[in-house]
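Residue numbering restarts at 1 for every chain, and letters A, B, ... go by the order of the sequence lines.
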Amino acid sequence: MSDSDITTTARDFIREAIAEDLSNGRFDGRFQTRFPPEPNGYLHVGHAKAIGLNFEVAAEFGGHCNLRFDDTNPLKEEQEFVDAQIADISWLGYEPASVLYTSDYFGQLYEWALQLIESGHAYVDDLSQEEIRAYRGTLTEPGTESPYRNRSVEENLDLFKRMKAGEFPDGAKVLRAKIDMSSPNVNLRDPVMYRIRHASHQRTGDDWCIYPMYDWAHGQSDSIEGVTHSLCSLEYLNHRPLYDWYLDSLEVYHPRQIEFAKLEFTYTVTSKRRLMRLVEEDRVAGWDDPRMPTLAGQRRRGVPAKALRDLCEHVGIARTNSTVEIELLDHFIRQELNRTAMRVMGVLDPLPVVITNYPEGETEWVEAVNNPEDEDAGSRTIPFSRNLLIERDDFMEDPPRKFFRLAPGREVRLRWGYFIRCEEVIKNDRGEVVALHCSYDPDTKGGYAPDGRKVRGTIHWVSADHAVPAEVRLYDRLFNVEDPFDVPEGQDFMASLSPDSLSVQNEVQLEPSVRELAVGQTVQFERKGYFCLDPDSADDNLVFNRTITLRDTWARIQSQTRRKGKGRR
RNA sequence: UGGGGGAUAGUUUAAUCGGCAAAACACCUGACUCUGGAUCAGGCGUUCGGGGUUCGAAUCCCUGUCCCCCAGCCA
């Protein structure tokens, strides 16, 4: 590929910048990125954008992308999160060239801090946290210099070494960069480089009691690794001058930071802090609860990684803050699953049907197509017998107009089976429908009538004698408003939590072929939606999560007529 | 008169050096269908406001408005 090809195929401003740097020879033709999460929580759908961008540009421009854990704060980080993040990235479909840790650079970072002290660019400050805040000034007023700002190099060196040696308690001192207390960019008002934290780190144990701040660690880590383009979110724009300042002051290799907008969605929150609250306050079953926007949650729900990748590609890279409608993700999930998921029949809310003219005790096997979108998926057989189960809402005793399903005297097709006609409605003492007596037409096997007569409705069913019971967890949106932060005065996003985000169906009956399913596999229950076999399943107790419903035109018709009816009154 | 970033259909994005404003989702019609699924056809609707330059402006200039980020010893 020639340079001009690279430029003309650039799809966004970041790819343009990369192409330009590459053709200028700015980084000697080298190209390298990194995805740098802090292991303080689980990765979520918003991260998919940054992950995809970093890994995909690396592949496109012939470079590589590392995973680097930005593990500079032992108070918040855990090995569990490291492991989970590695698994999630792999599930998304990307493989880091290397897995690296900022904590591996603590030694080098310390040496560089000494260097900055020696060159007069850093000092030890005894001010308390509150004092430092007060001295920093405000957004509109300049700060004031610390009384400790002009200590001698010798004193700073001595103090900093003693900080590292553990001579001082937490918070007693910090190392600060000496930049400009009156800078209009508050990040440049002598930012803290090191704080004292007598805490064990998940990787370095008790080797250190001083830990570097993000700004001091990040650019230098990029530099050590040879990253060429350090891609990060918009909030770091204000930090770029500092990123550049440290690298320039150290006179080391200097990568280029470029910022882009994060990905956010309606009807959810994406911030590790808030997701943490949902988990800790038991509003969900854990980080991988299928209602969670975490990658682990989405995976468990049955969302294909491809859907997330497709969405990110569609959304693109820009500098505009944006909130994508969750319906767009739904679209990509359905698009992918429609193509790939095997079809299966399952009745969520069963109503017994007796085929009165079908011989008792007899079973025959009908052929069913596995996936009409994929010829190679083949077919399977399903047992048919006298005792069937159909979906309760596929029958109405007194059907409204436009209801095409079963009703007294009416004929429908059992998918892949026979035409049946409802002859009798059986009720209990309370007048509730408990069963249907139907007749079948033996000439319609496979679903075709030799006389060419048509039926409006085709419904799914299972043979009661052969069905496999299961538990199905139906998920709805975790939050019931587009913007969870849109709450009354004095309340927070937790108030937007939907009370109905999970309902469990325990009476579900499925066709026998579901016994072959693997945990994590997503199939379509015909006419109902996509469902994923959950790890909670046991041999005698299958558990499915509903990934997403099918598009439901009937539901729309119903809500429309309901609306119209109301309007007339 | 703190600094920085941003604004194109309901949403997210395109639009080569200033040259016909477009796609997907969503929504609405209709066709087709052994999933009220899928598919197909059609419809809806857009350059933040006001000036200016120009034959021609989403794009350039001036001006105004609105939104986002920053005052952690978080990242």
Please say whether the positively charged group of A:K173, taken as NZ for Lys or CZ for Arg, lies over the ring of A:F168, i.e. under 6.0 angstrom from the six-membered ring centre and within 45 degrees of the axis.
yes
Less than 3.5 Å apart, any donor N or O on the side chain of A:R415 or A:H460 sitting next to an acceptor on the other?
no
Give A:Y236 one of three labels, base, sugar-phosphate or nothing, depending on what nucleic acid heavy atoms sit under 4.0 Å from its own.
base
Taking Watson-Crick (N1-N3 plus N6-O4 or O6-N4) and G-U wobble (N1-O2, O6-N3), each under 3.5 Å, can you produce the dot-bracket string of RNA chain B? Use [ ] for crossing pairs and | for inter-strand ones.
.((((((..((((.....[..)))).(((((.......)))))....(((((..]....))))))))))).....
So, is A:T320 close to the B:rG6 phosphate, meaning a side-chain N or O under 4.0 Å from OP1 or OP2?
no
By nearest atom, which of the nucleotides B:rU13, B:rG36, B:rU12 is closest to the A:A318 side chain?
B:rU13
Take atom CZ of A:R392 as the centre, draw a 6.0 Å sphere, and report whether it contains more than 12 heavy atoms from other residues, nucleotides or ligands.
yes
Is a donor-acceptor pair below 3.5 Å formed from side chain A:N238 to base B:rG3, judging by atom type as modelled?
yes
Taking the same atom, P, in B:rC40 and in B:rC48, what whole-Å distance lies between them?
32 Å
Test: A:K272 cationic atom under 6.0 Å from A:Y42 six-membered ring centre, within 45° of axis
no
Looking across every strand, which nucleic acid part, if any, lies under 4.0 Å from A:H239 by heavy atom: base, sugar-phosphate, or nothing?
base
Within the sub-3.5 Å range, which N or O atoms of nucleotides 64-68 of chain B have a protein N or O partner, and how far apart are they?
from   : atom 1 : to     : atom 2 : distance (Å)
B:rC68 : O2'    : A:N321 : ND2    : 3.0

If we check ring-ring contact (aromatic ring centres under 6.0 Å, His included) with A:F525, which of these qualifies: A:Y530, A:W461, A:F544?
A:F544
Report, one pair per line, the protein and nucleotides 23-25 of chain B atoms (nitrogen or oxygen only) whose separation is under 3.5 Å.
none

Determine the Euclidean distance between corresponding C1' atoms of B:rU8 and B:rA57; express it in Å to zero decimal places.
13 Å
For B:rG72, does the O4'-C1'-N9-C4 or O4'-C1'-N1-C2 angle fall within 90° of 0, making it syn, or is it anti?
syn
Nucleotide nearest A:T458 when distance is taken to its side chain, options B:rG37, B:rU35, B:rA75
B:rU35
Starting at NE2 of A:H460 and ending at P of B:rU35, how long is that distance when rounded to a whole Å?
13 Å
Considering only distance and modelled atom types, tabulate donor-acceptor pairs under 3.5 Å from the side chains of residues 260-267 of chain A, sequence neighbours left out.
from   : atom 1 : to     : atom 2 : distance (Å)
A:K262 : NZ     : A:E235 : OE2    : 3.1
A:T266 : OG1    : A:I326 : N      : 2.9

Does anything in residues 125-134 of chain A reach RNA chain B, meaning a heavy atom under 4.0 Å, and if so which residues?
A:L127, A:S128, A:Q129, A:I132, A:R133
Sorted by first residue and then second, give each salt bridge (charged side-chain N to carboxylate O under 4.0 Å, His left out) pair with at least one member in residues 133-142 of chain A; sequence neighbours left out.
none
Please evaluate the base of B:rG4 for a donor-acceptor partner in the side chain of A:R240 within a cut-off of under 3.5 Å?
no
Mind checking if A:R319 touches a base, just sugar-phosphate, or nothing, with heavy atoms under 4.0 Å?
sugar-phosphate
Would you measure the distance from the P atom in B:rG56 across to the matching atom in B:rG51 and give it in whole Å?
16 Å
Ring stacking, A:Y214 with base of B:rA75, under 5.5 Å and under 30°?
no
When the P atoms of B:rU33 and B:rU46 are considered, how many whole Å apart are they?
37 Å
